[in-house]
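From a predicted model like this one, the values you see are computed outputs, not experimental measurements.
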Amino acid sequence: MPMLRTPRGLTAQGFSLQLNAYVVVKYGSNYSIHWVQDALVVVGGQYWFQGEMDVTNYIGSSKNLIYEGGECMLGCLETPPMSGLLVITVNSTDYGVVINFGYALLQLGNETFSPRIIWFTHGLIPIPNATAYIITSPVRGPYDWPMDTEFVIGGPGNGGGVTFRDLNAYLSLYYWNGTSWAPYPITYTFGISTGEYAVNVHALPIGPASVELTTGGNNYQQLNN
(Lines give C-alpha, C1' and ligand atoms only; values in the text may rest on other atoms or scores of the structure.)
Protein backbone atom coordinates (compact mmCIF):
# COMPACT_ATOMS: atom_id res chain seq x y z
CA MET A 1 0.00 0.00 0.00
CA PRO A 2 2.13 2.90 -1.19
CA MET A 3 1.45 6.42 -0.05
CA LEU A 4 2.06 9.16 -2.56
CA ARG A 5 2.23 12.87 -2.88
CA THR A 6 2.49 13.96 -6.48
CA PRO A 7 5.27 16.25 -7.59
CA ARG A 8 5.23 19.93 -8.38
CA GLY A 9 6.94 21.19 -11.52
CA LEU A 10 5.47 18.59 -13.89
CA THR A 11 6.73 18.41 -17.43
CA ALA A 12 4.19 18.64 -20.25
CA GLN A 13 4.33 15.02 -21.35
CA GLY A 14 3.10 13.69 -18.01
CA PHE A 15 4.28 10.92 -15.73
CA SER A 16 3.13 7.79 -13.91
CA LEU A 17 3.44 6.42 -10.40
CA GLN A 18 3.57 2.64 -10.61
CA LEU A 19 3.00 -0.06 -8.03
CA ASN A 20 4.59 -3.12 -9.65
CA ALA A 21 4.56 -6.62 -8.17
CA TYR A 22 4.77 -10.33 -9.00
CA VAL A 23 2.02 -12.82 -8.15
CA VAL A 24 2.80 -16.52 -7.72
CA VAL A 25 -0.07 -18.96 -8.35
CA LYS A 26 0.51 -22.55 -7.16
CA TYR A 27 -1.81 -25.40 -8.16
CA GLY A 28 -0.89 -29.03 -7.54
CA SER A 29 2.73 -29.52 -8.56
CA ASN A 30 2.58 -26.59 -10.99
CA TYR A 31 2.91 -22.84 -10.64
CA SER A 32 2.74 -19.68 -12.73
CA ILE A 33 4.14 -16.17 -12.15
CA HIS A 34 2.38 -12.98 -13.22
CA TRP A 35 3.53 -9.35 -13.26
CA VAL A 36 0.88 -6.83 -12.13
CA GLN A 37 0.77 -3.03 -12.10
CA ASP A 38 -1.49 -0.47 -10.41
CA ALA A 39 -0.63 2.98 -11.76
CA LEU A 40 -1.59 6.62 -11.40
CA VAL A 41 -1.17 8.32 -14.78
CA VAL A 42 -1.02 12.12 -15.09
CA VAL A 43 -1.03 13.62 -18.59
CA GLY A 44 -1.91 17.13 -19.68
CA GLY A 45 -3.30 18.17 -16.30
CA GLN A 46 -5.60 15.14 -16.09
CA TYR A 47 -5.22 11.95 -14.06
CA TRP A 48 -6.61 8.43 -13.92
CA PHE A 49 -5.76 5.05 -12.39
CA GLN A 50 -5.20 1.91 -14.45
CA GLY A 51 -4.31 -1.74 -13.96
CA GLU A 52 -2.19 -3.99 -16.15
CA MET A 53 -1.03 -7.58 -15.96
CA ASP A 54 1.76 -9.49 -17.69
CA VAL A 55 3.25 -6.33 -19.24
CA THR A 56 0.93 -5.92 -22.24
CA ASN A 57 -2.44 -7.00 -20.81
CA TYR A 58 -4.46 -3.86 -20.01
CA ILE A 59 -7.04 -4.75 -17.33
CA GLY A 60 -9.00 -1.55 -16.83
CA SER A 61 -9.05 2.09 -15.77
CA SER A 62 -10.88 4.37 -13.35
CA LYS A 63 -11.82 6.49 -16.41
CA ASN A 64 -12.82 9.36 -14.13
CA LEU A 65 -12.62 12.09 -16.78
CA ILE A 66 -15.64 14.33 -17.46
CA TYR A 67 -15.72 17.22 -19.93
CA GLU A 68 -18.24 20.04 -20.20
CA GLY A 69 -17.94 22.60 -22.97
CA GLY A 70 -14.55 21.20 -23.86
CA GLU A 71 -13.19 21.75 -20.35
CA CYS A 72 -12.11 19.04 -17.91
CA MET A 73 -14.56 19.02 -14.97
CA LEU A 74 -13.63 15.72 -13.25
CA GLY A 75 -10.30 13.94 -13.25
CA CYS A 76 -8.42 17.25 -13.48
CA LEU A 77 -5.13 17.88 -11.74
CA GLU A 78 -4.57 21.58 -12.14
CA THR A 79 -3.02 22.37 -8.77
CA PRO A 80 -0.97 19.85 -6.79
CA PRO A 81 -0.47 18.58 -4.16
CA MET A 82 -2.14 15.21 -4.49
CA SER A 83 -1.96 12.54 -1.81
CA GLY A 84 -3.32 9.01 -1.67
CA LEU A 85 -2.79 5.26 -1.89
CA LEU A 86 -2.36 2.60 -4.55
CA VAL A 87 -3.41 -0.90 -3.44
CA ILE A 88 -3.17 -4.40 -4.95
CA THR A 89 -4.77 -7.44 -3.29
CA VAL A 90 -4.65 -11.12 -4.30
CA ASN A 91 -7.46 -13.53 -3.40
CA SER A 92 -7.89 -17.22 -4.23
CA THR A 93 -11.48 -18.31 -4.88
CA ASP A 94 -13.29 -21.40 -6.15
CA TYR A 95 -13.48 -19.83 -9.61
CA GLY A 96 -9.93 -18.47 -9.86
CA VAL A 97 -7.36 -16.04 -8.49
CA VAL A 98 -8.71 -12.50 -8.31
CA ILE A 99 -6.28 -9.57 -8.42
CA ASN A 100 -7.92 -6.33 -7.31
CA PHE A 101 -6.59 -2.89 -8.29
CA GLY A 102 -7.56 0.04 -6.09
CA TYR A 103 -6.76 3.56 -4.97
CA ALA A 104 -7.72 6.10 -2.32
CA LEU A 105 -7.48 9.87 -2.65
CA LEU A 106 -6.57 11.70 0.54
CA GLN A 107 -5.90 15.16 -0.89
CA LEU A 108 -6.37 16.91 -4.22
CA GLY A 109 -5.34 20.57 -4.28
CA ASN A 110 -6.90 22.26 -1.26
CA GLU A 111 -9.53 19.55 -0.78
CA THR A 112 -9.07 16.61 1.60
CA PHE A 113 -11.00 13.31 1.64
CA SER A 114 -11.79 10.56 4.12
CA PRO A 115 -9.74 7.41 3.44
CA ARG A 116 -11.76 5.05 1.22
CA ILE A 117 -10.40 2.39 -1.12
CA ILE A 118 -12.03 2.45 -4.56
CA TRP A 119 -11.59 -0.87 -6.37
CA PHE A 120 -11.71 0.29 -9.99
CA THR A 121 -10.90 -2.96 -11.80
CA HIS A 122 -9.76 -6.57 -11.30
CA GLY A 123 -8.03 -9.34 -13.18
CA LEU A 124 -8.88 -13.05 -13.08
CA ILE A 125 -6.47 -15.95 -13.41
CA PRO A 126 -8.89 -18.88 -14.03
CA ILE A 127 -7.23 -21.44 -11.76
CA PRO A 128 -9.68 -22.38 -8.97
CA ASN A 129 -8.64 -23.00 -5.36
CA ALA A 130 -4.98 -22.20 -5.99
CA THR A 131 -2.46 -20.82 -3.54
CA ALA A 132 -1.68 -17.27 -4.62
CA TYR A 133 0.47 -14.54 -3.12
CA ILE A 134 2.72 -11.57 -3.97
CA ILE A 135 6.37 -12.53 -3.97
CA THR A 136 9.35 -10.25 -3.34
CA SER A 137 12.63 -11.83 -4.41
CA PRO A 138 15.91 -10.88 -6.16
CA VAL A 139 15.45 -13.97 -8.35
CA ARG A 140 14.77 -13.07 -11.97
CA GLY A 141 11.21 -13.68 -13.12
CA PRO A 142 9.55 -14.43 -16.48
CA TYR A 143 10.61 -11.09 -18.01
CA ASP A 144 14.21 -11.40 -16.80
CA TRP A 145 13.55 -8.74 -14.14
CA PRO A 146 14.11 -9.35 -10.42
CA MET A 147 10.79 -10.30 -8.85
CA ASP A 148 10.67 -7.33 -6.53
CA THR A 149 7.76 -5.14 -5.44
CA GLU A 150 8.20 -1.53 -6.53
CA PHE A 151 6.65 1.89 -6.17
CA VAL A 152 8.37 4.00 -8.80
CA ILE A 153 7.97 7.14 -10.86
CA GLY A 154 8.40 7.08 -14.62
CA GLY A 155 7.05 8.18 -17.97
CA PRO A 156 3.31 8.04 -18.68
CA GLY A 157 3.52 4.74 -20.58
CA ASN A 158 4.67 2.78 -23.62
CA GLY A 159 8.27 2.66 -22.43
CA GLY A 160 8.58 6.45 -22.33
CA GLY A 161 10.40 8.69 -19.90
CA VAL A 162 9.90 11.95 -18.06
CA THR A 163 12.36 14.70 -17.13
CA PHE A 164 11.64 16.85 -14.08
CA ARG A 165 12.68 20.48 -13.78
CA ASP A 166 11.33 20.64 -10.22
CA LEU A 167 10.12 17.86 -7.95
CA ASN A 168 8.78 17.47 -4.41
CA ALA A 169 7.18 14.09 -3.68
CA TYR A 170 7.08 11.44 -0.94
CA LEU A 171 6.71 7.70 -1.54
CA SER A 172 6.28 4.85 0.96
CA LEU A 173 5.88 1.12 0.32
CA TYR A 174 3.95 -1.07 2.78
CA TYR A 175 2.50 -4.60 2.88
CA TRP A 176 -0.12 -6.37 5.00
CA ASN A 177 1.65 -8.75 7.38
CA GLY A 178 -1.54 -10.46 8.56
CA THR A 179 -2.39 -8.04 11.36
CA SER A 180 -1.25 -4.58 10.25
CA TRP A 181 0.50 -2.56 7.54
CA ALA A 182 4.28 -2.76 7.77
CA PRO A 183 7.13 -1.24 5.74
CA TYR A 184 8.91 -3.59 3.38
CA PRO A 185 11.95 -4.99 5.23
CA ILE A 186 14.36 -4.39 2.33
CA THR A 187 13.89 -1.45 -0.04
CA TYR A 188 15.95 0.47 -2.57
CA THR A 189 16.03 3.95 -4.08
CA PHE A 190 15.41 2.61 -7.59
CA GLY A 191 13.24 0.16 -9.50
CA ILE A 192 13.82 -2.25 -12.38
CA SER A 193 10.53 -3.99 -13.17
CA THR A 194 9.14 -1.38 -15.55
CA GLY A 195 9.72 -0.18 -19.09
CA GLU A 196 9.32 3.52 -18.19
CA TYR A 197 11.98 5.77 -16.67
CA ALA A 198 12.53 9.16 -15.03
CA VAL A 199 15.42 11.61 -15.44
CA ASN A 200 16.70 14.13 -12.88
CA VAL A 201 15.10 12.37 -9.88
CA HIS A 202 16.94 12.02 -6.57
CA ALA A 203 15.60 9.62 -3.90
CA LEU A 204 16.44 10.71 -0.34
CA PRO A 205 15.77 8.10 2.40
CA ILE A 206 13.57 9.54 5.18
CA GLY A 207 12.52 6.38 7.05
CA PRO A 208 11.81 2.66 6.68
CA ALA A 209 10.62 2.05 3.11
CA SER A 210 10.09 5.82 2.56
CA VAL A 211 11.83 8.37 0.36
CA GLU A 212 11.56 12.02 -0.55
CA LEU A 213 11.94 12.69 -4.27
CA THR A 214 13.70 15.86 -5.43
CA THR A 215 15.59 16.80 -8.57
CA GLY A 216 19.16 15.67 -9.06
CA GLY A 217 21.09 12.49 -9.73
CA ASN A 218 19.90 9.35 -7.99
CA ASN A 219 21.93 7.77 -5.22
CA TYR A 220 21.41 4.07 -5.92
CA GLN A 221 21.33 2.38 -2.54
CA GLN A 222 19.55 0.01 -0.21
CA LEU A 223 17.38 1.82 2.35
CA ASN A 224 17.21 -0.78 5.10
CA ASN A 225 17.84 -4.43 5.89
Legend entry - Spacing of Leu86 atom CG and Asp38 atom CG [to the nearest 0.5 Å]: 4.5 Å

Legend entry - Nearest-0.5 Å distance, CD1 of residue Ile99 to CD1 of residue Ile88: 8.0 Å

Legend entry - All side chain to side chain donor-acceptor pair (under 3.5 Å) counterparts of Glu196, not counting sequence neighbours: Gln18, Thr194

Inset, instruction - Go through the structure and list residues passing side chain to side chain donor-acceptor pair (under 3.5 Å) with Thr189, not counting sequence neighbours. - result: none

Legend entry - Which residues share a ring pair (Phe, Tyr, Trp, His ring centres under 6.0 Å) with Trp119, sequence neighbours left out: none

Inset, instruction - Find out whether Leu17 and Leu171 are in side-chain contact, i.e. whether some heavy atom of one side chain is under 4.5 Å from a heavy atom of the other. - result: yes

Legend entry - Contacts of type side chain to side chain contact (heavy atoms under 4.5 Å, CB included), residue Arg116, not counting sequence neighbours: Ile118

Legend entry - Pairwise side chain to side chain donor-acceptor pair (under 3.5 Å) hits with a residue in residues 93-104, at least two apart: Thr89-Asn100

Legend entry - Residues that, via side-chain heavy atoms closer than 4.5 angstrom, fall in one hydrophobic cluster with Val199: Tyr197

Legend entry - His122 atom NE2, neighbour heavy-atom count above 12 within 6.0 Å: no

Legend entry - Exercise: identify the closest heavy-atom pair between Pro138 and Pro146: O-CB, 3.8 Å

Inset, instruction - Could you pull out all residues at least two apart from Ser32 that satisfy side chain to side chain donor-acceptor pair (under 3.5 Å)? - result: His34

Inset, instruction - Could you check Trp181, Tyr184, Tyr133 and say which one makes a ring pair (Phe, Tyr, Trp, His ring centres under 6.0 Å) with Tyr175? - result: Tyr184

Legend entry - Minimum side-chain heavy-atom gap Ile125-Tyr27 below 4.5 Å: no

Inset, instruction - Using the test side chain to side chain donor-acceptor pair (under 3.5 Å), find all partners of Asn177 that sit at least two apart in sequence or belong to another chain. - result: Thr179

Inset, instruction - Kindly give the heavy-atom pair with the smallest separation between Ala21 and Ile134, and that separation in Å. - result: CB-CG2, 4.0 Å

What pairs of donor and acceptor atoms, side-chain ones from residues 206-216 against any protein atom, are under 3.5 angstrom apart with sequence neighbours left out?
from, atom 1, to, atom 2, distance (Å)
Ser210, OG, Ser172, OG, 2.7
Ser210, OG, Pro208, O, 3.3
Glu212, OE2, Tyr170, OH, 3.4

Inset, instruction - Please list, chain by chain and in numerical order, all residues satisfying side chain to side chain contact (heavy atoms under 4.5 Å, CB included) with Pro128, sequence neighbours excluded. - result: none

Legend entry - Point-to-point distance, once rounded to the nearest 0.5 Å, from CD1 of Ile192 to CG of Asn20: 11.5 Å

Inset, instruction - Can you sort out the partners of Ser193 under side chain to side chain contact (heavy atoms under 4.5 Å, CB included), two or more places apart, ordered by chain and number? - result: Tyr22, Trp35, Trp145, Asp148, Glu150

